[in-house]
Each structure stands twice: as C-alpha cells, then as structure tokens.
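Below: one structure, written as structure tokens.
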Amino acid sequence: MRVVAANSLVPGAVLAKTIYNESGRVLLQQGVAFTPRIIDRLKGFDITYVYIEDGRTSDIIADSPLSEKTRMKAIHSIKQSFSTIHQSVLSDHRYVLEETGQ
C-alpha cells in the first residue's frame, strides 16, 4: 500500500484503507476501485490523501497510533470546538459594537 494525494488519483486505483467522515461513518470501503465520480466526491469531502493498493509496496503496512475512525472523530471534535469559539468571539464583538453604538 502507498499513500497518494487525492489530486493524483487515477480511475482504477484500488483503495487500501477505509475512509471515514468526521463522525466516524464509512465514506468509502477498502477494496473499492476509484472512478472519476468517486474521485470528485472525495475532493468535495476535503479528503487530501488516500492509501491505495500497489503491487510494488504490498508488503508495507502503514500502522497508525490512532485508528482512522478515532482520528476523524478527533478532527470533527476540534472543528466543532473552533467553531464554538469563533461564534463566541463574533457574539462578543457584536455586543461591544452595540454598546459603543457602532
């Protein structure tokens, strides 16, 4: 298996590791062959890289300290936290503007 940038994917390549969304649901199951439509949809989900099967590197197994599912849940949680902070800052800013009459 080897990692490939989503921009470099070609139809017919086979997914080597399942892809999950930020809530941990499967977007694309391991073993699926990429089509132009699937490649476009991955880009729409902001997937930047994937693992594909490759005969030259079939003996290489990419282990990760976190499962892909856990990693995606963590990313989702971080995005939610930043969004909450951002909304709070905007709310505080609006309050200050209202108080100063601007």
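Note that the structure is predicted; figures quoted are calculated from it, not measured. Both backbone and side-chain heavy atoms feed into the values below; hydrogens, waters and symmetry mates do not.
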For the CZ atom of Arg2 and the OH atom of Tyr49, what is their distance to the nearest 0.5 Å?
15.5 Å

How long is the gap from CD1 on Ile52 to CE on Met1, to the nearest 0.5 Å?
11.0 Å

Can you sort out the partners of Ser8 under side-chain contact (heavy atoms from CB on, under 4.5 Å), two or more places apart, ordered by chain and number?
Val4, Ala5

Of all the heavy-atom pairs spanning Val10 and Ile39, show the shortest one and how long it is.
C-CD1, 3.8 Å

So, the side chain of Thr84 versus the backbone of Gln80: is there a donor-acceptor pair under 3.5 Å, distance only?
yes

Suppose clustering is done on Ile, Leu, Val, Met, Phe, Trp and Tyr with side-chain heavy atoms closer than 4.5 Å. Which residues sit in the same group as Ile78?
Phe82

In residues 26-37, what donor-acceptor pairs under 3.5 Å come from side-chain atoms, sequence neighbours left out?
residue: Gln29; atom: NE2; partner: Thr18; partner atom: OG1; Å: 3.4
residue: Thr35; atom: OG1; partner: Ile38; partner atom: N; Å: 3.1

Considering the options Val3, Val14, Ile19, Leu15, which one meets the side chain to side chain contact (heavy atoms under 4.5 Å, CB included) requirement together with Tyr51?
Val3

Might you work through the side chain to side chain contact (heavy atoms under 4.5 Å, CB included) test for Thr48 and Asp46, ending with a clear yes or no?
CA-CA 6 Å; Thr48 55; Asp46 292 329; 5.8 Å; no

